[in-house]
Amino acid sequence: MAQQEPSYWLMKSEPNAYSIDDLKKEGTTLWDGIRNYQARNFMRSMKIGDKAFFYHSNCKPPGIIGLMKVIDIGLVDPTQFNPNEKYYDPKSKQENPRWDCAKMSYLGQFAQILSLEELRLNYKENELQLLRKGNRLSIMPIKKDIAIDIINKLGDFQ
DNA sequence: GCCAACGTTGGC
DNA sequence: GCCAACGTTGGC
């Protein structure tokens, strides 16, 4: 049985909240706190072995900064049951959790950020969902050829 | 800090 | 099920 081909994703995080440096230090992280159904559904369709670009958002400049690998999927997001948590969801039931997440591991940081501005220069809106007007999704798929192109463009990891 | 573009909530 | 009001995201 041939192994399924990995898919590629883009995952946003505000560096003040959780940055590529944090992931580099920790090695792995649970991508919790997702409270948007579309983003959750994308995360649900991830497979172990998929790769994801780490995108720094709400900072200067915003852009792709590193690469991660999916190492586990379908994990219950523990933050939804903790009333002291920012991401507490009182409507989520223990027997039927509303929010789940993937576990990611650090693969590398690129030598320089590939900024949103450069992404706009290099790709079209229909090639990269990130570039579409009004896009606010924090997790989205990336077409394989675009993903490969981005990796080639950025070259070696730091 | 502004605000456009979304997503969610809840009254009806 | 509609939709106004509200909350959030995230670039600028």
Side-chain angles (χ1 to χ4, degrees), chain A residues 7-26 28-46 50-70 73-143 145-147 149-151 153-154 158:
Chain A
S7 302
Y8 293 87
W9 307 90
L10 181 142
M11 300 169 91
K12 296 180 186 173
S13 181
E14 301 193 9
N16 341 338
Y18 194 83
S19 74
I20 189 76
D21 289 328
D22 295 321
L23 180 60
K24 185 190 276 183
K25 250 177 275 171
E26 294 176 11
T28 66
T29 192
L30 210 55
W31 207 269
D32 55 15
I34 297 300
R35 294 294 179 271
N36 170 285
Y37 287 104
Q38 226 182 321
R40 183 204 66 179
N41 292 343
F42 278 137
M43 197 154 54
R44 278 188 179 174
S45 61
M46 289 178 178
D50 282 359
K51 289 177 179 174
F53 292 103
F54 196 121
Y55 179 92
H56 276 176
S57 67
N58 207 4
C59 58
K60 288 178 185 173
I64 288 172
I65 187 67
L67 197 64
M68 305 181 276
K69 189 167 74 175
V70 178
I73 51 175
L75 304 164
V76 173
D77 179 343
T79 63
Q80 65 195 307
F81 297 125
N82 183 351
N84 301 319
E85 259 281 348
K86 180 186 174 188
Y87 295 111
Y88 176 58
D89 183 353
K91 291 180 182 168
S92 186
K93 300 278 167 268
Q94 290 275 358
E95 61 273 18
N96 185 23
R98 186 180 287 195
W99 307 108
D100 49 60
C101 53
K103 191 173 188 182
M104 312 298 295
S105 79
Y106 176 82
L107 282 184
Q109 177 174 3
F110 296 115
Q112 73 281 337
I113 195 166
L114 181 55
S115 70
L116 179 61
E117 189 183 7
E118 290 171 273
L119 287 167
R120 282 195 197 288
L121 292 173
N122 288 312
Y123 307 107
K124 300 184 184 122
E125 280 186 30
N126 60 357
E127 292 174 321
L128 198 56
Q129 194 172 345
L130 176 75
L131 305 179
R132 286 180 207 158
K133 190 181 179 187
N135 172 68
R136 297 188 327 184
L137 263 185
S138 63
I139 297 176
M140 67 194 88
I142 304 259
K143 295 180 203 299
D145 53 334
I146 303 293
D149 194 57
I150 289 172
I151 291 171
K153 200 178 296 291
L154 282 165
Q158 216 170 35

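So you know, we letter chains A, B, ... as the sequences are listed, proteins then strands, and number each from 1.
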Base, sugar-phosphate, or nothing: which does A:Gln38 touch, judged by heavy atoms less than 4.0 Å apart?
-> sugar-phosphate
Please give, in whole Å, the distance from [N] [atom2] to [X] [atom1]?
X	N	atom1	atom2	answer
A:Met11	C:dT9	CE	P	16 Å
A:Asn36	B:dT9	CG	C1'	15 Å
A:Met140	B:dG7	CE	P	12 Å
A:Tyr37	C:dT8	OH	P	15 Å
A:Asn41	B:dG7	CG	P	13 Å
A:Lys12	B:dC6	NZ	P	12 Å
A:Ile34	C:dT8	CD1	C1'	13 Å

Parallel, tilted or perpendicular: rings of A:Tyr18 and A:Trp31 (30°, 60°) = perpendicular
Straight-line distance of A:Leu128 CG to A:Arg120 CZ, nearest 0.5 Å =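 Nearest 0.5 Å value for the CG-CZ distance: 9.5 Å.
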Under a 4.0 Å heavy-atom cut-off, which of residues 79-97 of chain A touch DNA chain C?
->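 Nothing qualifies; none.
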Tell me which residues in residues 113-138 of chain A put a heavy atom below 4.0 Å from DNA chain C, sorted by number, or none.
->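 Correct list: A:Leu116, A:Arg136, A:Leu137.
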May I ask you to verify if any side-chain N or O of A:Lys60 is less than 4.0 angstrom from the OP1 or OP2 atom of C:dC12?
->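 Checking C:dC12 against A:Lys60, no side-chain N or O comes under 4.0 Å of OP1 or OP2.
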Lys/Arg N to Asp/Glu carboxylate O, A:Arg35 vs A:Asp77, below 4.0 Å =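 A salt bridge is present here (some side-chain N lies under 4.0 Å from a carboxylate O).
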Start with the C-alpha distance between A:Gln38 and A:Met140, add both sets of side-chain angles, then the distance that settles side-chain contact (heavy atoms from CB on, under 4.5 Å), and finish with yes or no.
-> CA-CA 9 Å; A:Gln38 226 182 321; A:Met140 67 194 88; over 6 Å; no
Sub-3.5 Å donor-acceptor pair from the side chain of A:Thr79 to the main-chain atoms of A:Glu85, do we have one?
-> no
Under 3.5 Å, side chain of A:Asp50 to main-chain N/O of A:Ser7, donor-acceptor pair present?
-> yes
Contact check, side chains of [X] and [Y], non-hydrogen atoms, under 4.5 Å:
X	Y	value
A:Leu30	A:Lys103	yes
A:Gln80	A:Pro97	yes
A:Trp99	A:Tyr37	yes

Hey, what bend do you get for the helix from B:dG1-C:dC12 to B:dC12-C:dG1 if you fit axes on five pairs at each end, rounded to 10°?
-> 10°
5' priority, DNA chain B, between A:Arg98 and A:Asn58 [closest heavy atom] |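 So the residue in question is A:Asn58.
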A:Phe54 ring center within less than 6.0 Å of A:Trp9 ring center =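 For A:Trp9 and A:Phe54, the ring centres are not under 6.0 Å apart.
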So, for A:Ala52 and A:Met11, which heavy atoms are closest and what is the spacing to 0.1 Å?
->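 Of all heavy-atom pairs spanning A:Ala52 and A:Met11, the closest is CB-SD, 3.6 Å.
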